[in-house]
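As structure tokens, the structure follows; a few thoughts come after it.
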Protein chains: 2
Amino acid sequence: MDSTVSKRRTAARSGKRGVAGRPRGPRTGKPTAVERIVEEIRRGIKEGRYAPGQRLIESDLTQALGVSRGPLREAMSRLAGDGLVKIERNRGVTVRALTREEVRSISTIREVLEGLAARLAAAHIHEGSNREEFKRLWNEMQSVQVSSNAMEYVVANERFHTLIVRLSGNEPLAQLLDQLRTPVYRFQFRTRLSTDALRWGNEDHAEIASAILAGDPDRAERAMRRHLRHSAKLIDALPDEAFG
Amino acid sequence: MDSTVSKRRTAARSGKRGVAGRPRGPRTGKPTAVERIVEEIRRGIKEGRYAPGQRLIESDLTQALGVSRGPLREAMSRLAGDGLVKIERNRGVTVRALTREEVRSISTIREVLEGLAARLAAAHIHEGSNREEFKRLWNEMQSVQVSSNAMEYVVANERFHTLIVRLSGNEPLAQLLDQLRTPVYRFQFRTRLSTDALRWGNEDHAEIASAILAGDPDRAERAMRRHLRHSAKLIDALPDEAFG
DNA sequence: TCAAATAAAATTGTCCTACACTATTGCACG
DNA sequence: CGTGCAATAGTGTAGGACAATTTTATTTGA
């Protein structure tokens with residue numbers, strides 16, 4: 001039925017014949033239009049420049065971004081796959097609005113996955129320069145913690161989690177968590193990060209860091225999960241207006 | 001800079017969000033071209049009709065599927081987001097090939113997520129018609145188990161897991177797991193599902209089902225994780241040729 | 001003969017125009 | 001005030017064009 005589709009494998013490609021072309025840095029080249037669009041919209045949503053529920057109209061965006069509809073729609077497909085926008089047939093794209101229930105569901109997932117990441121990070125802390133790298137960031141964070149204002153906390157928090165996931169050595173996990181964090185990122189700016197909340201967060205971090213540096217997977221996982229539960233509670237305390 | 005972008009909210013749309021969302025209506029209409037393409041390719045990859053590493057050339061596919069490049073490329077973007085294909089700049093799309101390491105990483109993630117699903121399913125087994133629904137499938141599976149050949153086992157296995165995730169009541173989790181299962185699905189057909197392996201699998205299922213029906217979250221999670229570890233071991237036992 | 005160099009062919013990335021079809025909006029009418 | 005219908009906005013898809021880049025085929029030089 002689809003026998004017309006070429007089944008040829010890329011045999012030639014894997015064979016290293018043309019010695020001439022040393023593959024240059026893949027990521028370094030000028031980004032493709034789709035990549036630029038995805039990046040722009042993603043940042044916009046993350047930072048709240050595009051509000052949940054807001055319609056993203058093709059003609060507006062093609063004009064604003066100086067691209068044609070093709071790449072734009074590709075980008076939207078991609079963003080929809082990441083759950084950042086919602087595409088409805090004949091109705092176009094809207095910035096995805098999460099219900100309180102969905103946020104809870106995602107938090108539950110994040111709890112186990114970030115817990116896993118912490119566990120793995122602790123288990124691998126002795127490998128390579130992991131310990132050194134982790135210590136460096138941790139020291140850096142502690143010097144900031146004193147001045148903690150909400151914004152700085154959120155940024156530091158993100159770096160902390162990102163590093164831990166990276167040290168877990170599980171790349172798919174890193175991608176997945178990035179995907180899960182993005183849609184709820186903006187809530188962090190709405191939670192009134194009271195001085196107490198900030199201190200608790202920092203205490204959580206300290207406990208996590210301690211466990212990871214001690215190479216204690218169980219404790220690291222427990223601490224991380226507790227931390228995630230705390231964050232989830234802050235978000236869940238938001239009024240309904242913050243959702244949808 | 002992007003102030004030209006229309007910020008108008010869909011006031012009317014968001015207005016009735018209170019109740020909207022439940023009725024799964026829109027799926028019924030005729031599927032859009034992109035949806036058809038995605039579905040076709042996804043099935044093809046899952047079933048192994050498109051081999052890992054194989055190039056998917058636009059002109060071939062547009063002709064074979066009778067669509068134009070636009071929708072096709074949108075579909076590819078989406079598939080890439082799901083990790084089913086890989087898009088390289090100026091080089092097009094290839095069916096993603098997973099390294100052994102990636103498969104291991106994904107298995108690790110699945111273990112905790114499926115474990116979570118089982119835990120939640122057990123916790124919610126008393127709600128609604130969950131118990132009844134679960135029992136029905138379970139009975140059905142047991143009648144098939146006797147005749148177990150590999151193919152039937154794989155299908156039954158999938159239904160079992162899918163139902164459990166659904167009963168977990170965590171929709172994002174369901175989507176995520178579906179996404180994680182697809183790329184490794186094909187490996188199941190390569191593992192030599194020996195009679196022993198089959199029996200073990202069925203024993204695992206029995207233990208999981210028992211725990212869920214008993215409403216014992218801890219035991220359900222433990223059993224499910226063990227089951228996943230067993231599956232992962234089978235796949236990991238495959239020779240290198242099965243990967244890449 | 002074999003590999004480097006070069007020409008030719010494929011293939012992708014993007015823009016544009018067009019048009020059918022759906023959804024939304026605005027208005028005239030009852 | 002609704003209600004129905006026409007006008008308008010916006011999406012879904014096709015198809016043509018072309019530059020940029022990669023892949024394949026061909027020629028050339030040692």
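These values consider heavy atoms only, across backbone and side chains, with no hydrogens, waters or symmetry-generated copies. Every chain is numbered from 1, with letters handed out A, B, ... down the list of sequences.
- Side-chain atoms of A/N90 lie closest to D/dG12 of the nucleotides D/dT13, D/dG12, C/dT14.
- Taking atom CZ on A/R91 and atom P on C/dT24, their separation rounds to 5 Å, with Å as the unit.
- One can place CG of B/L72 at 12 Å from P of D/dT13, the figure rounded to the nearest angstrom.
- For the pair B/K86 NZ and C/dT12 P, the computed distance is 15 Å after rounding to whole Å.
- To the nearest angstrom, P of D/dG12 lies 12 Å from CD1 of A/I57.
- Here D/dA19 presents its P atom at 20 Å from CZ of B/R89, a figure rounded to the nearest Å.
- At whole-Å resolution of the value, CG in B/L65 and P in D/dA14 are 11 Å apart.
- B/G70 comes within contact range of no nucleotide atom at all, as no heavy-atom separation falls under 4.0 Å.
- Phosphate proximity of D/dT21 to A/K30: present, with a side-chain N or O under 4.0 Å from OP1 or OP2.
- Atoms CD1 (A/I87) and P (C/dT22) sit 19 Å apart, rounded to a whole Å.
- The phosphate of C/dA10 (OP1 or OP2) has no side-chain N or O of B/S59 nearer than 4.0 angstrom.
- Paired with B/F243 under the rule side-chain contact (heavy atoms from CB on, under 4.5 Å), one option of B/L98, B/V103, B/T99 passes, and it is B/V103.
- Both A/G66 and B/E58 lie close to DNA chain C; mapped to their nearest nucleotides by heavy-atom distance, the more 5′-ward contact belongs to B/E58.
- For B/R78 and D/dG12, the CZ to C1' distance is 13 Å, given to the nearest whole Å.
- Among the nucleotides C/dT11, C/dT14, D/dT13, the one closest to the side chain of A/R73 is D/dT13.
- In this structure, B/V67 reaches the sugar-phosphate backbone alone: every heavy-atom distance under 4.0 Å involves primed, P, OP1 or OP2 atoms, never a base.
- Take B/E114 and apply the salt bridge (charged side-chain N to carboxylate O under 4.0 Å, His left out) test, not counting sequence neighbours, and it matches B/R110, B/R181.
- Residues A/P71 and A/R36 are not in side-chain contact: their nearest non-hydrogen atoms beyond the backbone lie 4.5 Å or more apart.
- With B/R159 as the fixed residue, the salt bridge (charged side-chain N to carboxylate O under 4.0 Å, His left out) test singles out one of B/E140, B/E133, B/E152: B/E140.
- Remark: A/R49 engages A/E40 in a salt bridge, criterion side-chain N to carboxylate O under 4.0 Å.
- Checked against C/dT11, C/dT14, D/dT11, the side chain of B/R55 finds its nearest nucleotide in C/dT11.
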